[in-house]
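Heads up: the structure comes next, in structure tokens.
Counting convention: from 1, in listed order, for ligands and their atoms alike. Keep in mind that this is a model prediction, so the values were computed, not measured.
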Amino acid sequence: MELMLAVFSLLFLFATQASPPLDQVLKYIDDHQDDYVQHLKEWVAIQSESGSPAKRDDVIQMIQIVGERIKSLGGSVELADLGNEELPNGRIIPLPPVVLGELGKDPNKITVCIYGHVDVQPARIEDGWATDPYVLTEKDGNLYGRGASDDKGPVLAWLHAIEAFQALKQELPVNLKFIFEAMEESGSKGLNELLSEKNETFFSSVDYIVISDSGWLSEKPVLTYGTRGLCYFFVEVKCAKQDLHSGLYGGTVHEAMTDLIGLLDSLVNSSGHILIPGINVDVAPLTEEERLLYKAIEFNPEDFKNTIGTTELLHESKEDVLLHRWRFPSLSIHGIEGAFSGPGAKTVIPAKVTGKFSIRLVPDMDPEKLNNQVTTYLNRVFAERRSPNKMQVTLKSGSRAWIARFTDKQYVAGRRATNKVFGVDAEMIREGGTIPIARTLQHTTQKSVMLLPIGGAGDAIHSQNEKISRGNYINGTKLFAAYIAEISQL
Ligand code: MN
Ligand code: MN
């Protein structure tokens, strides 16, 4: 009997030891998922709309809660003051502070810095939400609510992953730093200056920066290593000092709209090819290895086409669609200010019209150089029209593309963590849109930056019925825990 007991306890000991520490953490996360959903419900209930001045108190409350959460994990927190914001009506309101947090200072461990934001886009039930946007509602495995996916869910997932290690009395395998803001949806006012100011101090000990503020491409988890930049142009044409009646003046004046349509039509052809000379000169050449990366990605152009509701795309193959979405520049015409656009048939000749278009930039395009190319070209096209009107091109905003060094160790850790939690290889993708913080953080700190998103492909961020699936939220929490474990071993 005694022998049997001894064997039994030995077996028991073996069984406990055979369950590796990370597996215990992942199990703990699974077991506590209802708590995590409850926490998300509490966060979603705070209407932290950074673009709505009337809600500024909620935004400030939200970021303070984040600071308190980090303190409750044992971390230290600085609420970095960014001063005030002046509204268009002249009113001055305070900007929410940025949370700079730190947890662990062991010189023998590497340091990972996490970025996220806790402000949200505005949301009203009248906009067409099926449920109150500020009451997290679970339906068919999805958690509906403003900020559930962008970006409160991912921020909480990081904090829960850390809590899980602590609850099991496991030493955190890395030092952590946090940079959480609450003005992301409103242009991150003051953040760039803060990053530069903190570069020599806060960021000096950081090894890797992880951003969890985007989404997957399909049902498969991803690591995102690039985003496109954006140059937004206005082209203004003026033909008269005020709007004219087409019956009285039509046939006598060089009309501004006619000039503008000609100018806009010269920018891009019907195949989507940008006609501005020299625009592709700086685009980094596509290598064979890169093309192979695209071949491996799970993406169905047919589904993509159907989601859009169109009958034909500009490109046919999966690779070409993705390359033109992420890897090559694109030009879109957005609108004409000053043009008649209401219902009915108004016989007006607009006196001044402003065409608005933008170009998505890819590595290694430079906004200043692009501005010169666009201005020179449009001036030439306009000169050829021999119009007496006044024309002016203005670059309204310009940001470069971001591309990571995706051979960096943290991408290896990201892949391993994905395999561990999801049992599949992570897709290596880029984003067609712009996430300025990725480039800013990499450019300012010169550290390795990775986007590790947990949002799903159809989360409807910024839109009605934003959601994150319970699966993505909980497995995403596990992914972050696994990432911490994996990066510490590289
Ligand atoms: Mn976001
Ligand atoms: Mn957003």
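Other residues, nucleotides and ligands contribute at most 12 non-hydrogen atoms within 6.0 Å of the CD atom of Glu219.
Under the 30°/60° scheme for interplanar angles, the aromatic rings of Phe357 and Phe233 are found to lie parallel. Ring geometry for Tyr483 versus Trp158: interplanar angle over 60°, hence perpendicular rather than tilted (30 to 60°).
Tested against Leu451, the residues Tyr225, Trp402, Tyr115 include a single side chain to side chain contact (heavy atoms under 4.5 Å, CB included) partner, Trp402.
A donor-acceptor contact closer than 3.5 angstrom links the side chains of Ser358 and His334. Judged purely by distance below 3.5 Å, without hydrogens or angles, the side chains of Glu49 and Tyr134 pair a donor atom with an acceptor atom.
Each protein N, O or S atom less than 2.8 Å from the Mn ion (ligand 2) was counted, giving 4.
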